[in-house]
Amino acid sequence: MRPTSQIYSNYTPEDFLVWKTLFNRQMAILRPVVSEEYLSAIETVKFCESKIPDFKEVDAILLPLTGWSLEVVPNICPQKEFFEFLSKRKFTATCWLRTMQQLDYLEEPDMFHDVFGHVPLLSNKAYCDFFRGISNIALEFIDNPQAIELLSRIYWFTIEFGMMREPNGLKIYGAGIISSNSETLHSLEKHTRMKDFDVQTCLNTSYRTDILQEQYFVIDSFDQLYHSLNEIKSCLTRLLDIAENA
């Protein structure tokens with residue numbers, strides 16, 4: 001039975017070893033290639049190799065900055081519940097960690113993905129405003145599976161697998177890349193396809209969850225994402241109208 005609350009005293013020596021191993025391995029390859037926004041954010045939330053994040057301490061940092069906090073869930077959250085939490089500035093996160101035998105692959109996200117990958121940027125206001133904006137749009141269309149499928153593409157190519165253009169080159173900000181050793185290395189290979197972020201193109205681009213990504217979308221800033229929310233809703237509505245009248 002997966003935990004529904006974080007009881008910090010329940011973490012075992014293996015849990016601490018898993019966190020330390022994954023943290024050190026990822027930071028070693030991330031520092032030159034991850035966005036400055038993330039590097040700044042991980043300092044803000046005070047993540048380090050020697051300590052599994054304590055959600056109460058994380059909340060105490062995030063709430064004054066952006067109004068966000070963590071909501072413990074045992075597994076992947078159902079879509080409606082997930083977006084409802086996001087609309088209330090609550091990020092759903094598991095608090096269990098993979099084993100040492102599972103360092104490189106899990107079928108579902110664990111705490112390292114949820115917390116190491118997503119949580120630092122919850123200290124960034126523009127990122128949070130986009131995150132919440134996407135959830136609010138999703139709630140408007142929550143009973144329309146096609147709309148949710150289309151919105152999932154925006155979420156996938158930004159929050160999970162987004163890239164950012166910085167003065168010193170392309171950098172990673174998507175949690176799905178940040179928390180994955182193989183995806184991090186793959187994302188910056190020369191043959192990997194990069195496209196400028198475009199709402200219409202993202203909505204029309206499908207993705208697979210079981211492979212390393214074949215392409216990534218590049219933004220210039222989190223402000224760009226936030227200012228795309230009206231276009232996302234407009235394009236989504238237009239695509240749904242076209243499908244309905246086809």
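Both backbone and side-chain heavy atoms feed into the values below; hydrogens, waters and symmetry mates do not.
Contact annotation: the side chain of Ser123 never approaches that of Ile61 to less than 4.5 Å [non-hydrogen atoms, C-beta and beyond]. In this structure, the side chains of Glu71 and Phe91 stay at 4.5 Å or more apart for every pair of heavy atoms. Using a 4.5 Å heavy-atom cutoff, the side chains of Ile177 and Met163 are in contact. At a threshold of 4.5 Å between non-hydrogen side-chain atoms, the residues Glu149 and Ser152 count as touching. Considering only heavy atoms from C-beta on, Leu22 comes within 4.5 Å of Arg98 through its side chain. At least one side-chain heavy atom of Thr192 sits under 4.5 Å from a side-chain heavy atom of His186. Between Val218 and Leu170 the shortest side-chain heavy-atom distance falls below 4.5 Å. In this structure, Gln215 and Met194 have side chains that are not in contact, with every pair of non-hydrogen atoms separated by 4.5 Å or more.
If you take CE on Met164 and OG1 on Thr158, they are separated by 11.0 Å, rounding to the nearest 0.5 Å. With values rounded to the nearest 0.5 angstrom, Asp110 atom CG is found 12.0 Å from Phe116 atom CZ. Rounding to the nearest 0.5 Å places OG1 of Thr184 at 4.5 Å from CD1 of Ile29. Atom CG of residue Leu121 and atom CD1 of residue Ile178 lie 6.0 Å apart, to the nearest 0.5 angstrom. The structure places CD1 of Ile232 at 8.0 Å from SG of Cys202, a figure rounded to the nearest 0.5 Å.
With no hydrogens or angles considered, a side-chain donor-acceptor pair links Thr94 and Asp114 at under 3.5 Å. Checking His118 against Glu160 by side-chain atom types alone, a donor-acceptor pair falls below 3.5 Å.
With sequence neighbours left out, the side chain to side chain contact (heavy atoms under 4.5 Å, CB included) criterion links Gln146 to Asn144, Leu150, Leu240, Ala243. Qualifying side chain to side chain contact (heavy atoms under 4.5 Å, CB included) partners for Gln200, counting only residues two or more places apart in sequence or in other chains: Asp198, Asn204, Cys235, Arg238, Leu239. Residues that satisfy the salt bridge (Lys or Arg N to Asp or Glu O under 4.0 Å) test with Arg25, not counting sequence neighbours, are Asp104. Residues satisfying the salt bridge (Lys or Arg N to Asp or Glu O under 4.0 Å) test with Lys125, not counting sequence neighbours, are Asp129. With sequence neighbours left out, Tyr207 forms a ring-ring contact (aromatic ring centres under 6.0 Å, His included) with Trp156. Residues passing the salt bridge (Lys or Arg N to Asp or Glu O under 4.0 Å) test with Glu231: none are found, sequence neighbours excluded.
Residues Ile219 and Ser221 approach most closely at CD1-O, 3.4 Å, considering heavy atoms. Between Val115 and Pro120 the shortest heavy-atom distance is O-CD, 3.2 Å. Here the closest heavy-atom approach between residue His113 and residue Pro109 is recorded as CD2-CB, 3.5 Å. The shortest non-hydrogen separation linking Leu229 to Ile134 is CD2-N, 3.7 Å. The two atoms that bring Phe82 and Cys77 nearest to each other are N-SG, 3.7 Å, heavy atoms only. Nearest heavy-atom pair, Leu203 versus Leu236, reported as atom, atom and distance to 0.1 Å: CD1-N, 4.0 Å.
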Run Ile148 and Ile142 through side-chain contact (heavy atoms from CB on, under 4.5 Å) and show every step you take.
CA-CA 7 Å; Ile148 298 304; Ile142 198 64; 4.0 Å; yes

- Query: Which is it for Ser187 and Ile172 under the side-chain contact (heavy atoms from CB on, under 4.5 Å) test, yes or no, and what are the steps along the way?
  - Reply: CA-CA 8 Å; Ser187 68; Ile172 297 159; 3.6 Å; yes

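Counting only distance, with no hydrogens or angles, the side chain of Thr44 and the backbone of Ser40 share a donor-acceptor pair below 3.5 Å. When atom types are taken as modelled, the side chain of Thr66 and the backbone of Leu122 share a donor-acceptor pair closer than 3.5 angstrom. A donor-acceptor pair is defined here as one N or O able to donate and one able to accept, closer than 3.5 Å; such a pair exists between the side chain of Thr237 and the backbone of Lys233. Using modelled atom types, no side-chain atom of Glu183 and backbone atom of Ser180 make a donor-acceptor pair closer than 3.5 Å.
Classification of Asp54 and Lys56 as a salt-bridged pair fails, no side-chain N sitting under 4.0 Å from a carboxylate O.
Under the 4.5 Å side-chain heavy-atom criterion for Ile, Leu, Val, Met, Phe, Trp and Tyr, Ile52 and Met100 are members of the same hydrophobic cluster. Cluster membership check: Phe161 does not share its hydrophobic cluster with Leu185, using side-chain heavy-atom separations under 4.5 Å among Ile, Leu, Val, Met, Phe, Trp and Tyr. The same ILVMFWY cluster, assembled from side-chain heavy atoms under 4.5 Å apart, contains both Ile137 and Ile159. Each of Leu62 and Phe85 belongs to its own hydrophobic cluster when Ile, Leu, Val, Met, Phe, Trp and Tyr are linked at side-chain heavy-atom distances under 4.5 angstrom. Val18 and Trp96 sit in two unconnected hydrophobic clusters of ILVMFWY residues. Membership requires side-chain heavy atoms under 4.5 Å apart, directly or through other members.
Applying the salt bridge (charged side-chain N to carboxylate O under 4.0 Å, His left out) test to residues at least two apart or on different chains, the pairs with a partner in residues 164-174 are Arg165-Asp196, Arg165-Asp220. Within the structure, every pair that satisfies the side chain to side chain donor-acceptor pair (under 3.5 Å) test and touches residues 75-90, not counting sequence neighbours, is listed here: Arg2-Asn75. Among residue pairs with one or both ends in residues 212-243, those qualifying as ring-ring contact (aromatic ring centres under 6.0 Å, His included) are Tyr127-Phe222, Phe157-Phe217, Tyr173-Phe222; sequence neighbours excluded. Legend: side chain to side chain donor-acceptor pair (under 3.5 Å) pairs involving residues 29-39, not counting sequence neighbours, sorted by first then second residue: Glu37-Asn124. Pairs passing the side chain to side chain donor-acceptor pair (under 3.5 Å) check and including a residue from residues 5-20, sequence neighbours excluded, read Gln6-Tyr11, Thr12-Asp15. Each ring-ring contact (aromatic ring centres under 6.0 Å, His included) pair with one or both residues in residues 52-79, not counting sequence neighbours, appears once here: Trp68-Phe131.
Within 6.0 Å of the CD atom in Glu43, the count of heavy atoms belonging to other residues, nucleotides or ligands does not exceed 12.
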